[in-house]
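A quick write-up on the structure given underneath.
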2 protein chains.
Amino acid sequence: MRIGELAALAGTSPRALRHYEAQGLLTARRATNGYRDYGEHDLRLVAEIRSLLAIGFSLEDTRPFLDCLRAGHERGDTCPASVAVLHRKLAEIDGYLGRLQAVRAQLAEAIDRTTTYPNRAAAHPNRADYPEENPCPRQEPSATEAGPPTCC
Amino acid sequence: MRIGELAALAGTSPRALRHYEAQGLLTARRATNGYRDYGEHDLRLVAEIRSLLAIGFSLEDTRPFLDCLRAGHERGDTCPASVAVLHRKLAEIDGYLGRLQAVRAQLAEAIDRTTTYPNRAAAHPNRADYPEENPCPRQEPSATEAGPPTCC
DNA sequence: CTAAACGCTGACGTTGGTGTCAAGGCAAGT
DNA sequence: ACTTGCCTTGACACCAACGTCAGCGTTTAG
């Protein structure tokens, strides 16, 4: 199967597949004319990449999962290296969740204040409205329909 | 007060302040030698920008808050345009939270599976490990200590 | 036979908020 | 006078996962 077909089956683009190859995540046999030639197994690999990207993994983080699949496992998340990534990601997400919830609380309070005391000035003049805290993920992948500030 | 002093007081860099000016968020008088000259009020404006950036706002989203302060209000979040941004951000965050929690659940389940059934293959061979879903924020600002995948 | 549709490589563009460097002007201490 | 340190503008670098275009060869349908 050629790159366009694989891309279509995986719901992505030839450019993306070449990018994965450039990152060493995917390899392809070459036909005599130089065209990349993929097999069924490669569809599974690309599907793994896409599904992990969709939940906020970086390409680099998908590597252990692909190695796991190539090692013959039916799932990419059963190998030790994959599990390690899962744990790290879970910890990251918990961090994001905590910060996001803190920010959410700040915003909700600010909104509540303006709706409860409209046109009324607050107590501490020269203080910034929003202390510090510090919220969430940076650059987490996106859904194709979620708009610009897509996802983690 | 010159740019270096304001930057130090606000805990940021001259480069950042020039960037805010380039974006039309900050203005400065000029001394006869061409140096930017800031007043006390500008520190308040920069503090507002920094605190909003820290909780995941884009520079553009801080604009209504700055306008609000310049209009003479003691807080930047009391004007209608600011409140509108607050509502939008709250909605975004709720979206992120929902997706992050869904992803968290997926990861936790995957980890649980590997620890509960070690070395045991799963049921559906050719299915991707992680369906689809789709998680959270992209490119949310960062804390100075949170590391690479900083924050929302 | 020809044109459309595909494939190839290489390279630059995108997004945001800066960091960093270049090449110069200005101010103050010794 | 000279050095040091601040300031100025302008421009390129960064990160990630591609999009897009250029310039070229290949395959395939008509």
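Note: hydrogens, waters and symmetry copies are ignored here, and every other heavy atom, side chains too, is used. Numbers restart at 1 for each chain; the letters A, B, ... are given by sequence-line order, proteins then strands.
Residues B:Ile49 and B:Val83 fall into different hydrophobic clusters, defined by Ile, Leu, Val, Met, Phe, Trp and Tyr side chains chained together at heavy-atom separations under 4.5 Å.
Between B:Glu92 and B:Lys89 there is a salt bridge, with a side-chain nitrogen of the basic residue lying less than 4.0 Å from a carboxylate oxygen of the acidic one. One finds a salt bridge joining B:Arg104 and A:Asp94 here, because a Lys/Arg side-chain nitrogen approaches an Asp/Glu carboxylate oxygen to under 4.0 Å.
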Walk me through it: do A:Arg2 and A:Glu5 pass the test salt bridge (charged side-chain N to carboxylate O under 4.0 Å, His left out)? CA-CA 6 Å; A:Arg2 299 190 304 189; A:Glu5 187 179 351; over 6 Å; no
Candidate pair A:His73 and A:Leu69, rule side chain to side chain contact (heavy atoms under 4.5 Å, CB included), full reasoning: CA-CA 5 Å; A:His73 297 273; A:Leu69 287 174; 5.5 Å; no
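Checking the phosphate oxygens (OP1, OP2) of D:dG5, no side-chain nitrogen or oxygen of B:Arg2 falls inside 4.0 Å. At the phosphate of C:dG17, neither OP1 nor OP2 sits under 4.0 Å from any side-chain N or O atom of B:Arg50.
Of the residues in residues 11-31 of chain B, those with a non-hydrogen atom less than 4.0 angstrom from any atom of DNA chain D are B:Arg15, B:Arg18, B:Arg30.
Between the CG atom of A:Leu59 and the C1' atom of D:dC15 there is a distance of 13 Å, rounded to whole Å. Atom CD of A:Glu60 is separated from atom P of D:dA16 by 9 Å (rounded to the nearest Å). Here D:dC6 presents its P atom at 16 Å from OH of B:Tyr38, a figure rounded to the nearest Å. Counting to the nearest Å, the P atom of D:dG25 and the CZ atom of A:Arg36 are 18 Å from each other. The separation between B:Glu5 atom CD and C:dA27 atom C1' is 16 Å, rounded to whole Å. Atoms CZ (A:Arg63) and P (D:dA16) sit 12 Å apart, rounded to a whole Å.
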Distances under 3.5 Å only, N/O to N/O: pair up the protein atoms with those of nucleotides 23-26 of chain C.
residue : atom : partner : partner atom : Å
C:dG25  : N2   : B:Tyr35 : OH           : 2.6

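When all heavy atoms are compared, the tightest approach of B:Arg18 to B:Arg36 is NE-NH1, 3.7 Å. In plain terms, the two heavy atoms of A:Arg30 and A:Glu21 that are nearest each other are NH2-OE2, 3.4 Å.
Ring centers of B:Phe57 and B:Phe65: under 6.0 Å apart, within the cut-off.
For the residue pair B:Tyr20/B:Arg50, the side-chain donor-acceptor check at 3.5 Å is satisfied.
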